[in-house]
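Report on one structure; see the data block that follows.
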Protein chains: 2
Amino acid sequence: MPEYIQPLVTVDSVLFTVVEDNLKVLLVQRSIEPFIDSWSLPGGFVDPAIDSTTEDTASRKLAAKAGIHPNYLEQLQTFSGANRDPRGFAITVAYFALIAHQQTSTHVETVHDAEWIDYDDIEHLDMAFDHKLIIKTAYERLQQKALYSMLPVFCLPELFTISQLKQVIEAIIGKEVQRKSLIRRIEKSEMFTETDSKVATGKRQAQLYTLKPDANIFHFERNMSL
Amino acid sequence: MPEYIQPLVTVDSVLFTVVEDNLKVLLVQRSIEPFIDSWSLPGGFVDPAIDSTTEDTASRKLAAKAGIHPNYLEQLQTFSGANRDPRGFAITVAYFALIAHQQTSTHVETVHDAEWIDYDDIEHLDMAFDHKLIIKTAYERLQQKALYSMLPVFCLPELFTISQLKQVIEAIIGKEVQRKSLIRRIEKSEMFTETDSKVATGKRQAQLYTLKPDANIFHFERNMSL
DNA sequence: GGAATAGTGTCTGTAAGACAGTATATC
DNA sequence: GATATACTGTCTTACAGACACTATTCC
């Protein structure tokens, strides 16, 4: 066992969603020092009595602060340093998560003090700790993964159309993609089933797809170009 | 500040090298409980008085336990859990690192109790904590990166030939690669300079390459196939 | 029919895989 | 010259990008 003081350990999550054409991040306004009233990521201290891993902490805090159970949650990176937190050497295990805005909107806006903020506006915001850096790191990871996998489907509800998928991907990577390329990738990945229902959002009715229950995230051998 | 007990925080590194055709990992034999006499990864507790980040802890421990300053060091992942360590809820920030065996061999074998173990032998070894899992995770990351970047150069000395690079890549990914593909990638990446010296290892003399001083790791848009 | 959205056919471009062919060294 | 290693030329293959074309629905 170490003789010296152990670092503080917190867990924070960068939860993304896409609304219309905009990538958004869930933030909460701090009610305690340090950085009172600044925006920060939803998170908190690990409680070894409840959490069996830090992933549990991440889930628990997202549920508590915004009533959200994300479709996708993965560990991002751990941030550490002597000067990140005025209280001393601090370690933050950061997670990144995805959800469909359809699964969340009412809950977040009414009951809690959490808010969806446009990713592009975060740059100019007053953010606690190094949370701006954490969000930027999470975004870069999400963007990269969007280029070689179908991860963005986790920003969609259970049933979705190719146009919806196209829209979330474009919001994430910030560039138009070819519908044809998407269709080829949907087939290649074998992650989805065409349902027998269609939906009329625009003019012609669109085929609805759904993620196979046991689907693994397929990694394509080539990236889409940025 | 949290009222409850904070988790234990350690830092461990998975240091790889390639000797001949074999991928090796640096392990140390534990001299204290728990898991006394089992093999484990080189690492230890964060000391906030010395380390300004957990990366510093990783470097410091590699230097102390094996006198090694790796060519490459990146954060791998953080492992956490209530049952990983008999002493309580424990968090391990794991790093993965690369070095050329030419830069290390004498030091490790004589002065310290650290030892290079064949990656393929680790499966059957008596390993402390969940270090087997950590090593497997590190290997998967290294293998993936070898498919879309020139990361394996960090397993080579300053001057190296294409054949040497081919050899380390093949040891890492476990498959032959086309020499031609490598040459194309070396050019495309613009990470290297052809030196004006050549070396005679086999029959015809081979061109020596070296990493540019300010080189960033280039990410290719396509993976090599496994 | 016109307009808007959904979906297909197919050509081009790029980079990896395969492999034959050439070059340079040692004996 | 024989052989082994280093290096080049070039054909094939896979898949993303581009974009014209067809299909279906609403008005």
Side-chain angles (χ1 to χ4, degrees), chain A residues 20-21 143-150 152 156 159-170 172-209 218-226, chain B residues 20-21 143-150 152 156 159-170 173-192 194-209 218-226:
Chain A
E20 313 286 318
D21 288 321
Q143 191 185 39
Q144 273 308 306
K145 291 210 167 191
L147 296 176
Y148 65 76
S149 80
M150 288 299 189
L156 291 172
L159 296 174
F160 60 90
T161 67
I162 290 177
S163 295
Q164 287 177 305
L165 180 57
K166 183 167 180 287
Q167 200 175 26
V168 295
I169 292 173
E170 287 173 347
I172 290 168
I173 70 175
K175 191 195 165 245
E176 256 205 72
V177 301
Q178 294 281 329
R179 183 190 183 79
K180 183 76 190 187
S181 300
L182 258 186
I183 294 173
R184 283 190 289 233
R185 285 190 157 204
I186 285 177
E187 285 167 5
K188 188 84 201 298
S189 73
E190 297 185 313
M191 288 170 64
F192 309 99
T193 45
E194 287 189 15
T195 67
D196 40 8
S197 39
K198 299 199 171 205
V199 77
T201 49
K203 297 285 179 169
R204 177 172 168 181
Q205 295 196 314
Q207 177 64 52
L208 282 169
Y209 290 79
F218 185 85
H219 287 209
F220 302 100
E221 294 209 337
R222 301 192 192 175
N223 280 12
M224 291 194 298
S225 60
L226 264 185
Chain B
E20 312 286 320
D21 287 321
Q143 192 185 38
Q144 273 309 306
K145 292 210 167 191
L147 296 177
Y148 65 77
S149 79
M150 288 299 189
L156 291 172
L159 295 174
F160 61 89
T161 67
I162 290 176
S163 295
Q164 286 177 305
L165 180 57
K166 183 167 180 289
Q167 201 174 24
V168 295
I169 292 174
E170 288 173 346
I173 71 174
K175 189 194 166 247
E176 255 202 75
V177 300
Q178 293 281 330
R179 181 192 185 78
K180 183 76 190 187
S181 301
L182 259 187
I183 294 171
R184 283 190 289 232
R185 285 189 157 205
I186 286 178
E187 285 166 5
K188 188 82 200 300
S189 73
E190 297 185 312
M191 289 170 62
F192 308 100
E194 287 190 15
T195 66
D196 41 8
S197 38
K198 298 198 171 205
V199 77
T201 49
K203 296 286 180 168
R204 176 172 167 180
Q205 295 195 314
Q207 177 65 51
L208 283 170
Y209 289 80
F218 184 86
H219 287 209
F220 302 101
E221 294 210 336
R222 302 191 191 178
N223 279 13
M224 292 193 298
S225 60
L226 264 183

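Values below: every heavy atom of this structure, side chains too, minus hydrogens, waters and symmetry copies. Quick note on labels: first sequence line is chain A, next is B, and so on, each numbered from 1.
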Is there a side-chain polar atom (N or O) of A/Gln205 under 4.0 Å from OP1 or OP2 of D/dT25?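 Yes, because at least one side-chain N or O of A/Gln205 sits under 4.0 Å from OP1 or OP2 of D/dT25.
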Look at the side-chain N and O atoms of B/Gln178 and state whether any lies under 4.0 Å from the OP1 or OP2 oxygen of C/dG17.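 No, outside the criterion.
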Can you name the residues that form a side-chain contact (heavy atoms from CB on, under 4.5 Å) with A/Glu194, not counting sequence neighbours?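 Scan of A/Glu194 (side-chain contact (heavy atoms from CB on, under 4.5 Å), adjacent residues dropped) gives A/Gln207, A/Tyr209.
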Using five pairs at each end of the helix from C/dG1-D/dC27 to C/dC27-D/dG1 to define an axis, what is the angle between those two axes, to 10°?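 The helix from C/dG1-D/dC27 to C/dC27-D/dG1 shows an end-to-end axis angle of 10°.
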Kindly indicate whether the side chain of [X], heavy atoms from C-beta on, has any atom under 4.5 Å from the side chain of [Y].
X	Y	result
A/Gln178	A/Lys166	no
B/Met224	B/Arg185	yes
B/Met150	B/Leu182	yes
A/His219	B/Asn223	no

For A/Ile162 and B/Lys175, find the nucleotide of DNA chain C closest to each by heavy atoms; which residue's nucleotide sits nearer the 5' end?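 The 5'-side residue here is A/Ile162.
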Do you know which two heavy atoms are closest between A/Arg179 and A/Ser163, and how far apart they sit?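 Nearest pair, atom of A/Arg179 first, then A/Ser163: NH1-OG, 3.3 Å.
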Minimum heavy-atom distance A/Leu156-A/Leu165, with the two atoms named: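 Residues A/Leu156 and A/Leu165, closest heavy atoms: CD1-CA, 3.7 Å.
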In whole angstrom, give the distance that lies between atom [atom1] of [X] and atom [atom2] of [N].
X	N	atom1	atom2	value
B/Gln164	D/dT5	CD	P	14 Å
A/Lys166	D/dA16	NZ	C1'	15 Å
B/Leu182	C/dA15	CG	C1'	14 Å
A/Asn223	C/dT14	CG	P	17 Å
B/Lys203	C/dC27	NZ	P	7 Å
A/Tyr148	C/dA15	OH	P	20 Å
B/Phe218	C/dA15	CZ	P	9 Å
B/Ile169	C/dA16	CD1	P	12 Å

[X] side-chain N/O to [Y] backbone N/O, donor-acceptor pair under 3.5 Å:
X	Y	value
A/Ser189	A/Ile186	yes
A/Glu187	A/Arg184	no
A/Glu170	A/Asp21	no

At 4.0 Å (heavy atoms only), tell me whether A/Ser225 reaches a base, stays on the sugar-phosphate, or touches nothing.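 Sugar-phosphate contact only.
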Could you tell me whether B/Thr161 contacts a base, only the sugar-phosphate backbone, or nothing, with contacts defined as non-hydrogen atoms closer than 4.0 Å?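 Nothing: the residue B/Thr161, judged by heavy atoms under 4.0 Å, touches no strand.
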Counting side-chain heavy atoms from CB outward, which of C/dA4, D/dG17, D/dA6 is closest to B/Ser163?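 Between C/dA4, D/dG17, D/dA6, the one nearest the side chain of B/Ser163 would be D/dA6.
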Consider the side chain of B/Gln207, meaning its heavy atoms from C-beta on, and name the nucleotide among D/dC7, C/dG7, D/dT5 that approaches it most closely.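 It is D/dC7.
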Check this for me: does the side-chain of B/Arg204 come within 3.5 Å of the base of C/dA25 through a donor and an acceptor?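 No pair found.
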Protein-to-nucleotide contact annotation, 5' to 3' order, nucleotides 8-15 of chain D [B base; S sugar-phosphate only; - none; under 4.0 Å, heavy atom]: BBB---BB
